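Single-structure report; data block below.
Please read these numbers as outputs of a predicted model, since none were measured by experiment.
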Amino acid sequence: MTAMASLVGGAPAVAATFVYISHADDGDIGVYKMLDSGELQPGARAKAASVVMPMAVSPDRRFLYAASRSKPYRVHVYSINRGTGELTPVSTSPLAESFPYISLDKTGRFLFAASYGGHVISVNAVGRDGRVSPEPLQVIPVGRNAHSIRVDASNRFVYVATLGSDEIFMFKFDAKTGRLSSNTPAVYLMKAMTGPRHFVTSSDNKHLYLLSELLGTVTTFAIDGNTGLLTELSSASGLPPNTKLGPGAPRGAIGGTNAPPPRDTSNDIWAADIHMTPDGKLLYISERTGDMLGAFSVDGASGKLTYLSSTPTERQPRGFAVDPKGRFLVATGEKSDTISVYAIDPGNGALKLLNKYPAGKGANWVEIVGFD
């Protein structure tokens with residue numbers, strides 16, 4: 001198959017950074033080159049499929065993975081050109097369910113996926129050529145509305161946040177076989193109506209930071225390096241003190257039949273994504289009802305978060321990402337036709353809008369890949 005995306009200019013660069021945006025409604029992936037100034041140079045889009053949403057990049061940055069949540073459920077694999085950012089289709093493989101979240105283990109040999117509507121997680125083997133095996137190694141039932149799955153920095157433990165049952169499932173991971181087995185205990189139960197959604201771990205693997213979709217809070221957990229078990233330490237709100245929003249409730253799956261009865265959600269907290277700067281000193285979340293990004297400072301020793309500020313952003317900001325050098329943040333909005341690039345103030349975490357750029361419909365997920 002021929003390449004579907006090429007960047008303005010076309011000349012290979014020694015060092016370059018590229019931004020990829022999935023467009024759920026258009027069924028493709030936007031490709032941008034990020035200059036040292038933070039400016040983006042848009043290129044042609046890479047074709048994917050309807051309702052393409054979550055993406056993940058292989059640890060060696062050779063491949064981009066994008067999952068479509070429309071039937072037939074598939075993962076699309078692209079090779080990344082280090083010089084131009086060009087995406088070349090490699091393969092498509094079936095997935096067991098509609099997955100709002102995918103990630104890879106630290107070796108890039110296994111693809112994890114979490115299903116909100118199917119209440120399961122899966123593991124698929126990945127070949128050295130980047131291709132995903134069509135048959136999953138495992139499909140494991142978990143709690144209601146699984147919303148994220150990630151491995152820790154040691155590549156020994158995997159965590160799954162289940163929004164509808166307020167649980168974090170804890171697994172041991174065998175990096176040789178790709179198989180998951182339940183830890184003991186297997187589940188950390190949070191308070192009812194917390195709505196655990198996405199999470200990140202610190203680079204030193206001492207802390208896990210979990211975002212609550214329904215409360216807009218981030219809970220800090222200590223990770224036991226020997227057992228992988230979690231201990232809850234503290235929680236902080238990412239919303240401004242004068243917010244008029246109130247606690248939300250779990251929502252139905254995209255394309256699913258298990259949606260709850262209609263209700264007024266116009267005042268619900270509806271947090272979405274969470275990311276940390278590479279130096280571990282700042283952490284950001286997105287909140288969709290208020291169209292905002294919240295910033296925290298991070299105490300690396302204790303894991304304690306301190307709320308700093310909120311910044312208005314694109315409409316319904318489901319996804320965003322921080323560049324590998326921690327200088328810029330790129331945010332999308334599912335109901336926006338633009339994406340925003342912000343400069344990050346390393347001192348106080350403030351976000352300064354640099355520029356906006358055209359995006360496709362249903363702009364959803366952001367991946368930023370840097371090459372030295």
Side-chain angles (χ1 to χ4, degrees), residues 54 56-59 65 67 73 75 95-126 132-133 135-191 194-213 218-233 253 274 276 303:
V57 175
S58 63
Y65 298 81
Y73 307 128
V75 60
L95 291 174
E97 256 290 353
S98 169
F99 291 116
Y101 201 102
I102 59 173
S103 62
L104 293 130
D105 84 305
K106 299 302 180 182
T107 70
R109 293 179 54 228
F110 301 100
L111 180 79
F112 305 120
S115 175
Y116 188 89
H119 320 298
V120 298
I121 59 172
S122 72
V123 186
N124 287 67
V126 178
V132 177
S133 174
E135 293 295 331
L137 295 172
Q138 290 175 292
V139 177
I140 303 173
V142 289
R144 293 193 309 277
N145 307 132
H147 217 307
S148 58
I149 179 169
R150 291 173 63 93
V151 72
D152 79 323
S154 74
N155 213 41
R156 296 167 54 218
F157 305 105
V158 166
Y159 305 98
V160 178
T162 59
L163 188 150
S165 54
D166 300 302
E167 297 166 301
I168 307 171
F169 281 71
M170 301 178 288
F171 294 92
K172 297 177 182 178
F173 175 59
D174 186 330
K176 292 183 179 179
T177 65
R179 298 191 68 83
L180 298 173
S181 58
S182 293
N183 211 328
T184 307
V187 174
Y188 184 95
L189 180 62
M190 303 189 74
K191 293 180 181 178
T194 298
R197 181 180 167 95
H198 290 182
F199 62 91
V200 294
T201 55
S202 58
S203 58
D204 61 10
N205 212 40
K206 292 183 178 180
H207 298 107
L208 182 150
Y209 300 95
L210 178 72
L211 175 64
S212 160
E213 175 176 313
V218 179
T219 302
T220 301
F221 292 87
I223 302 174
D224 187 309
N226 294 318
T227 66
L229 298 179
L230 302 177
T231 301
E232 188 170 340
L233 299 178
I274 180 170
M276 182 177 283

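The shortest non-hydrogen separation linking S115 to P100 is CA-CD, 3.9 Å. Contact detail for V218 and I274: the closest heavy-atom pair is CG1-CD1, 4.0 Å. The two residues V160 and A146 have their closest heavy-atom pair at CG1-CB, 4.2 Å. Closest non-hydrogen pair, K106 versus N155, comes out as N-OD1, 2.8 Å. Counting all heavy atoms, side chain and backbone alike, S165 lies closest to R144 at OG-N, 3.1 Å. In terms of heavy-atom proximity, P59 sits nearest to T107 at CG-C, 4.2 Å.
Rounding to the nearest 0.5 angstrom, the gap separating the CG atom in L104 from the OH atom in Y65 is 5.5 Å. From T184, atom OG1 reaches atom CG of L229 across 8.0 Å, with rounding to the nearest 0.5 Å. A distance of 9.5 Å separates CG of D152 from CG of L208, quoted to the nearest 0.5 Å. Residue M190 holds its CE atom at 4.0 Å from OG1 of T219, rounded to the nearest 0.5 Å. Distance check: L111 CG to S58 OG gives 11.0 Å after rounding to the nearest 0.5 Å.
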Take H198 and H147, measure what side-chain contact (heavy atoms from CB on, under 4.5 Å) needs, and give me the verdict at the end. CA-CA 7 Å; H198 290 182; H147 217 307; 3.5 Å; yes
### Message
Would I223 and Y159 count as a side-chain contact (heavy atoms from CB on, under 4.5 Å) here? Give the steps.
### Response
CA-CA 11 Å; I223 302 174; Y159 305 98; 3.5 Å; yes
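The aromatic rings of Y209 and H207 sit tilted, their planes meeting at an angle between 30° and 60°.
With S148 contributing its side chain and R197 its backbone, the two residues share a donor-acceptor pair below 3.5 Å. T220 places a side-chain N or O within 3.5 Å of a backbone atom of G303 that can act as its donor or acceptor partner. A donor-acceptor pair under 3.5 Å links the side-chain atoms of R109 to the main chain of A175, judged by distance alone. Proximity of a side-chain donor or acceptor of E213 to a complementary backbone N or O of L163 within less than 3.5 Å is not detected. N183 places no side-chain N or O within 3.5 Å of a backbone atom of M170 that could act as its donor or acceptor partner. Panel note: side chain Y116, backbone G164; no donor-acceptor pair is recorded below 3.5 Å. Here the side chain of D166 pairs a donor or acceptor atom with the backbone of T194 at under 3.5 angstrom. In this structure a side-chain-to-backbone donor-acceptor pair under 3.5 Å is missing from S182 to A186. Of the possible polar contacts, none joining the N205 side chain to the G225 backbone as a donor-acceptor pair under 3.5 Å is found.
Contact annotation: the side chain of D224 never approaches that of T231 to less than 4.5 Å [non-hydrogen atoms, C-beta and beyond]. Under the 4.5 Å side-chain criterion, counting only non-hydrogen atoms from C-beta, F110 is not in contact with V151.
Just one of V142, I168, N145, I121 meets the side-chain contact (heavy atoms from CB on, under 4.5 Å) condition when paired with T162; it is V142. Of the candidates F173, F99, Y101, F171, F173 is the only one forming a ring pair (Phe, Tyr, Trp, His ring centres under 6.0 Å) with F112.
For F221 and F199, the ring centers are positioned 6.0 Å apart or more.
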